[in-house]
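Residue numbering restarts at 1 for every chain, and letters A, B, ... go by the order of the sequence lines.
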Amino acid sequence: MKRTKVKAALSATQPKEDIQINGWVRTKREGKGFAFVEINDGSCLMNIQAVVDEGLPGWEDMPRVGTGAAVSIDGDLVESLGKGQKWEVRAKALRLIGEADQETYPLQKKRHSDEFLRSIAHLRPRTNKFGAMFRIRSEAAFAVHQFFRDQDYRYVHSPIITGSDCEGAGEMFRVTTHDPSLAGAQSYDQDFFGKEAALTVSGQLTAEIFATSLGDVYTFGPTFRAENSNTPRHAAEFWMIEPEMSFCDIHGNMDLAEQFLKSLVRHLRKHCAEDMELFAQWVDKTLTQTLDSIENDAFVRLPYTEAIEILLKNAKTKKGADRFEFPVEWGIDLQTEHERYLTEQHFKKPVIVYDYPKGIKAFYMRQNDDGKTVAAMDVLVPRVGEIIGGSQREERLDVLQARIRELGLPEEEYWWYLDLRRFGSVPHSGFGMGFERLLMLVTGVTNIRDVIPCPRTPRHLEF
RNA sequence: UCCCCAGUAGCUCAAUUGGCAGAGCGGGUGACUGUUAAUCACUAGGUUCGCGGUUCAAGUCCGUGCUGGGGAGCCA
């Protein structure tokens with residue numbers, strides 16, 4: 001008999017004889033002579049209820065059919081006699097596929113804390129919340145590809161292992177085949193690649209290669225940062241999306257970032273409505289409002305200099321106390337408290353801050369004519385903070401070389417990056433978006449460890 | 001890495017001034033002819049995170065380590 005997925009069974013328009021449901025038992029309710037078994041197979045949020053009468057094949061296993069057990073049920077899909085569900089399965093036969101000992105199975109049919117579920121990350125996708133999360137994650141990845149494909153962007157596989165220490169986005173994990181337990185110095189030229197190697201911290205430089213050949217491109221892959229960050233917003237391994245567009249300035253870049261976020265939110269609300277609703281109802285009561293704002297409100301475009309003016313003007317609360325712990329002045333990098341004030345309190349919607357002082361931004365960002373700022377931009381959203389960071393890239397060879405020298409960076413390491421400016425250089429722009437931060441934004445989940453299957457953070461490499 | 005808070009039954013938590021370690025849920029057993037986090041009855045279940053100290057007496061106070069959470073920095 002061919003298997004029917006729960007999602008298909010529940011969306012039936014008419015009864016159907018002889019179907020097979022395979023899945024895991026969420027809960028069992030027994031009466032005299034019969035039992036209700038609710039089964040979930042991960043295809044959707046809802047369970048399907050099976051009615052199992054005493055005496056049918058497999059009934060002798062019922063005592064061992066408990067929460068967590070894997071079962072296969074043959075039966076007829078019929079309209080439910082009870083309230084609370086339209087369809088149910090009237091079982092004809094039951095098979096216990098995989099038992100789950102009730103004394104030791106950690107998941108109970110009740111709410112568990114996120115912290116506890118994190119300690120059993122191998123079982124947490126079997127809960128409603130994490131099942132919904134990982135279905136949304138899957139759909140979100142698809143939506144990313146669809147968005148770019150619809151606009152004729154090409155998907156570039158940037159390398160995971162890099163020999164370039166000029167990616168310049170943070171501490172790197174070293175990649176080696178050397179045995180650290182061996183004594184004595186082991187030089188890099190005897191290592192696998194014959195030079196120092198590391199896991200990528202950004203696909204941007206590779207994306208620039210392809211932006212200046214295929215035109216509009218994006219990368220979407222794992223990214224690694226060996227920062228000792230202990231926050232709910234950072235992971236050592238995360239997924240990042242990095243579009244890069246030729247013939248595009250900072251304003252086109254901001255336009256794309258805004259369209260991109262709006263499109264993803266719209267897609268997920270349409271295609272994951274049931275799973276999204278779980279988060280709106282149980283995780284974040286303001287989620288609907290937040291998502292409405294992202295979808296419908298124009299994002300604020302705010303030059304850094306004006307952002308500083310707003311912050312200075314509002315440095316005192318109505319009661320006259322200092323609003324900010326860190327004093328505001330032109331030239332500082334915006335603190336988390338400043339970003340949150342702008343997006344959560346002052347504008348109450350997404351804000352794109354751009355044209356930052358060049359002293360606080362990366363060497364490759366395009367210098368503006370004022371001589372003080374660069375064409376960088378950060379997209380700030382309520383609760384998550386910085387979800388996107390990007391810039392127009394410096395395409396002028398002499399200006400880029402001067403900046404590299406000014407900062408004392410090893411110019412020879414950047415030979416191929418400079419070649420892109422040497423031969424047919426064009427204005428181009430791009431940004432990076434943390435995929436997990438997108439998921440936090442659209443679900444209201446406040447800890448990055450709860451939006452990724454197996455979170456990697458300092459001193460945590462379980463699962 | 002820095003600052004703050006917490007750690008008690010499988011889970012979520014309570015325990016007065018330092019004075020007999022408890023509840024709900026979950027588990028087990030039984031009852032119940034349509035349940036919906038089923039209900040009802042009975043029942044088992046503890047190195048109070050580890051180590052050291054103060055005290056007649058420590059879940060409670062002190063020191064230290066570990067683990068978890070929050071905030072900051074770094075950023076996506």
Side-chain angles (χ1 to χ4, degrees), chain A residues 26-38 46-54 63 66-68 78-85 88 90 100-120 127-128 168-171 201-204 219-242 257 324-326 333-340 360-362 378-381 384-390 431-441 446-452 457-460 462:
Chain A
R26 283 297 177 79
T27 175
K28 176 179 72 170
R29 294 179 289 274
E30 286 179 293
K32 190 180 178 68
F34 65 95
F36 297 102
V37 181
E38 281 197 41
M46 301 301 294
N47 310 322
I48 196 162
Q49 170 170 291
V51 188
V52 185
D53 287 323
E54 186 169 1
T67 303
V78 299
E79 286 197 52
S80 178
L81 299 175
K83 294 193 170 91
Q85 62 280 316
E88 66 187 14
R90 162 90 32 200
D101 175 30
Q102 298 301 289
E103 297 270 2
T104 51
Y105 184 61
L107 289 177
Q108 304 170 357
K109 46 185 173 187
K110 62 167 211 167
R111 230 190 84 81
H112 286 296
S113 67
D114 290 340
E115 291 80 7
F116 171 68
L117 291 172
R118 238 169 262 157
S119 72
I120 49 167
T127 65
N128 286 341
E171 292 295 312
V201 294
S202 165
Q204 181 196 319
T219 71
F220 182 9
T223 308
F224 308 88
R225 307 251 170 111
E227 304 287 352
N228 190 9
S229 292
N230 288 287
T231 85
R233 298 185 305 281
H234 292 86
E237 176 183 288
F238 62 101
W239 285 61
M240 187 156 64
I241 299 142
E242 295 176 286
F324 304 119
E325 186 187 344
F326 296 91
D333 204 355
L334 296 183
Q335 302 288 319
T336 298
E337 59 172 351
H338 303 140
E339 295 179 343
R340 293 188 63 152
I360 58 173
K361 290 291 180 182
D378 287 345
V379 180
L380 313 176
V381 292
V384 174
E386 186 182 337
I387 192 170
I388 285 175
F431 61 79
M433 183 180 82
F435 187 54
E436 285 73 21
R437 289 192 182 172
L438 169 78
L439 293 169
M440 293 169 73
L441 176 67
T446 54
N447 197 312
I448 198 169
R449 299 173 185 93
D450 298 330
V451 303
I452 192 167
T457 53
R459 297 198 315 283
H460 292 92
E462 198 70 65

**Q** Could you work out the separation of B/A58 and B/G68 based on their C1' atoms and round it to a whole Å?
**A** 24 Å
**Q** What is the pairing partner of B/A41, taking Watson-Crick or G-U wobble pairs with both distances under 3.5 Å in any strand?
**A** B/U29
**Q** When you check the gap from the basic side-chain N to the acidic O, do A/Asp114 and A/Arg449 get nearer than 4.0 Å?
**A** no
**Q** In terms of side-chain heavy atoms, does A/Thr67 have a donor or acceptor partner in A/Lys109 at a distance below 3.5 Å?
**A** no
**Q** Identify, with sequence neighbours excluded, every residue that meets salt bridge (Lys or Arg N to Asp or Glu O under 4.0 Å) alongside A/Glu436.
**A** A/Arg137
**Q** Starting at CD of A/Glu386 and ending at P of B/G73, how long is that distance when rounded to a whole Å?
**A** 12 Å
**Q** Could you identify the nucleotide paired to B/C2, looking across every strand shown and requiring Watson-Crick or G-U wobble geometry with both distances under 3.5 Å?
**A** B/G71
**Q** Do nucleotides 27-35 of chain B as a string where each nucleotide becomes B, S or -: B if the base has a protein heavy atom under 4.0 Å, S if just the sugar-phosphate does, - if no protein is that close.
**A** SS---BSBB
**Q** Which is true for A/Ala235 with a 4.0 Å heavy-atom rule: it touches a base, it touches only sugar-phosphate, or it touches nothing?
**A** base
**Q** Please tell me whether A/His338 and A/Phe324 form a close aromatic pair, meaning their ring centres lie under 6.0 Å apart.
**A** yes
**Q** Both A/Lys110 and A/Ile448 contact RNA chain B. Taking the nearest nucleotide for each, which residue is further toward the 5' end?
**A** A/Lys110
**Q** Within the structure shown, what part of the strands sits under 4.0 Å from A/Phe238 by heavy-atom distance: base, sugar-phosphate, or nothing?
**A** base
**Q** Quiz question: by atom type and distance under 3.5 Å, do the side chains of A/Glu237 and A/Thr223 form a donor-acceptor pair?
**A** no
**Q** Please test A/Gln49 against A/Arg29 for side chain to side chain donor-acceptor pair (under 3.5 Å), starting from the C-alpha separation and ending with a verdict.
**A** CA-CA 10 Å; A/Gln49 170 170 291; A/Arg29 294 179 289 274; 3.2 Å; yes
**Q** Give me the distances for all protein-to-nucleotides 65-72 of chain B N/O pairs that come in under 3.5 Å?
**A**
{"residue": "B/G68", "atom": "OP1", "partner": "A/His460", "partner atom": "NE2", "Å": "2.0"}
{"residue": "B/G68", "atom": "OP2", "partner": "A/His460", "partner atom": "NE2", "Å": "3.4"}
{"residue": "B/G69", "atom": "OP1", "partner": "A/Arg118", "partner atom": "NH1", "Å": "2.3"}
{"residue": "B/G70", "atom": "OP1", "partner": "A/Asn447", "partner atom": "ND2", "Å": "3.4"}
{"residue": "B/A72", "atom": "N6", "partner": "A/Asn230", "partner atom": "O", "Å": "3.4"}

**Q** Sort out the partner of B/U12 for me: Watson-Crick or G-U wobble, both distances under 3.5 Å, none otherwise.
**A** B/A23
**Q** Give me the one residue out of A/Phe435, A/Phe220, A/Phe224 that meets ring-ring contact (aromatic ring centres under 6.0 Å, His included) with A/Trp239.
**A** A/Phe220
**Q** Is there a donor and acceptor pair closer than 3.5 Å between the side chain of A/His234 and the base of B/C75?
**A** yes
**Q** Describe the nucleic acid contact of A/Thr104 in one word from base, sugar-phosphate, nothing, applying a heavy-atom distance below 4.0 Å.
**A** nothing
**Q** Thinking salt bridges, do A/Arg437 and A/Glu386 make one under a 4.0 Å N-O criterion?
**A** no
**Q** Base, sugar-phosphate or nothing for A/Ile388? Non-hydrogen atoms, less than 4.0 Å.
**A** sugar-phosphate
